[in-house]
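Read the structure below first, then the notes.
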Amino acid sequence: HYSFFPGRPRWPASKTDLTYAFLPQNGLTDNIKSVFSRAFERWSEVTPLTFSETASFQSADIKIGFFAGDHNDGEPFDGPMGTLAHAFSPPGGHFHLDGDENWVINGVPIDEGNFFSILSAVDLESVAVHEIGHLLGLGHSSVEDSIMYPSLAAGTRRVELANDDIQGVQVLY
Ligand code: TQI
Ligand code: CA
Ligand code: ZN
Ligand code: ZN
């Protein structure tokens, strides 16, 4: 079953059109950006919310960046595996991904020429859909095939919202 953060934080009802931006220093490719766009779309299909990319990192509601190790928010990343990403509950909007993961998009590594075991491959879209759930106010779910279930087998892709995820987010929005 779905859960919320303590106090059930959510984006205010007056703010249904959310903007997101990518940390300019990351210099992400269009392919990587399109993964996030698809991940946002899955949540906008089942809520009144819309998500659009803005060029202004400072003013964006949701700020997406890849960071390695300590990045000065008290929650350092830990190299390959372990913590993959973290996002803060509304209206925080910080969405950080561990730059040391072996991220893959449709099974293809983001970093060409970087060879690694498929056992350490992490599907970017799966993690993005999960973290956006947190950004919207969902905690973890006990339903095993839900997006908000707190574990994912290595190399696995899980991007379709389960009924449990939809019911949870529709309680909030
Ligand atoms: N990152 C954790 C997560 O997003 C951070 C976290 C731990 C957390 N406890 C929390 C966030 C409680 C909110 C509330 O869940 S993670 C997965 C999954 C992670 C894990 O790196 O462990 C995904 C990030 F589900 F695969 F295990 C994304 Cl999809
Ligand atoms: Ca890690
Ligand atoms: Zn962080
Ligand atoms: Zn989580």
Side-chain angles (χ1 to χ4, degrees), residues 2-105 109-111 122-141 147-148 150 152 157-159 161 165 168-169 172-173:
Y2 57 79
S3 70
F4 305 118
F5 292 106
R8 202 186 272 199
R10 48 158 282 163
W11 293 91
S14 58
K15 202 166 174 58
T16 53
D17 298 320
L18 298 165
T19 58
Y20 65 90
F22 299 100
L23 187 69
Q25 295 91 306
N26 283 156
L28 301 180
T29 62
D30 287 346
N31 186 36
I32 296 172
K33 292 184 181 182
S34 70
V35 168
F36 291 93
S37 151
R38 287 201 295 278
F40 280 118
E41 223 169 84
R42 295 178 186 278
W43 292 104
S44 66
E45 277 167 3
V46 299
T47 60
L49 304 173
T50 70
F51 303 94
S52 49
E53 188 185 348
T54 168
S56 168
F57 191 77
Q58 285 310 319
S59 69
D61 298 311
I62 296 169
K63 301 171 202 287
I64 303 170
F66 287 81
F67 300 88
D70 192 0
H71 51 287
N72 305 311
D73 62 5
E75 308 213 30
F77 283 132
D78 53 4
M81 307 309 284
T83 301
L84 312 171
H86 52 230
F88 300 85
S89 57
H94 289 267
F95 178 176
H96 298 169
L97 299 106
D98 190 340
D100 285 333
E101 301 305 334
N102 295 316
W103 296 107
V104 298
I105 298 175
I110 284 180
D111 298 316
V122 186
D123 182 64
L124 180 62
E125 189 168 347
S126 303
V127 170
V129 178
H130 180 96
E131 295 304 325
I132 293 166
H134 287 320
L135 288 163
L136 298 181
L138 288 175
H140 286 149
S141 171
I147 288 292
M148 298 316 294
L152 180 70
R157 185 172 153 83
R158 181 183 67 200
V159 295
L161 300 188
D165 301 304
V169 79
L172 291 174
Y173 303 96

Legend entry - Test item: Ile147 and Arg158 side chains (from C-beta on) under 4.5 Å apart, heavy atoms: yes
Legend entry - For the student: nearest non-hydrogen atoms of Asp100 and Pro80, plus distance: O-CG, 3.6 Å
Inset, instruction - Assign the ring pair Phe66 / Trp103 to parallel, tilted or perpendicular, where the plane angle (0 to 90°) is split at 30° and 60°. - result: perpendicular
Inset, instruction - Check whether any side-chain heavy atom of Leu97 sits under 4.5 Å from a side-chain heavy atom of Ile64, and report yes or no. - result: yes
Inset, instruction - Taking the side chain as every heavy atom from C-beta outward, state whether Val35 and Arg38 have any atom pair closer than 4.5 Å. - result: yes
Legend entry - Min side-chain heavy-atom separation Trp11-Leu136 under 4.5 Å: yes
Legend entry - Stepwise ring-ring contact (aromatic ring centres under 6.0 Å, His included) test for His134 and Phe95: CA-CA 9 Å; His134 287 320; Phe95 178 176; 9.8 Å; no
Inset, instruction - Check whether any side-chain heavy atom of Tyr173 sits under 4.5 Å from a side-chain heavy atom of Arg10, and report yes or no. - result: yes
Legend entry - Side-chain touch Trp43/Leu18, heavy atoms, less than 4.5 angstrom: no
Inset, instruction - Please identify each residue that fulfils salt bridge (Lys or Arg N to Asp or Glu O under 4.0 Å) with Glu53, with sequence neighbours left out. - result: Lys33
Inset, instruction - With the side chain counted from C-beta on, respond yes when Leu124 and Val122 share a heavy-atom pair under 4.5 Å apart, and no when they do not. - result: no
Inset, instruction - Please identify each residue that fulfils ring-ring contact (aromatic ring centres under 6.0 Å, His included) with Phe67, with sequence neighbours left out. - result: His71, His96
Inset, instruction - Check whether the ring centres of Phe36 and Tyr20 lie less than 6.0 Å apart, and answer yes or no. - result: no
Inset, instruction - Could you pull out all residues at least two apart from Ser14 that satisfy side chain to side chain donor-acceptor pair (under 3.5 Å)? - result: none
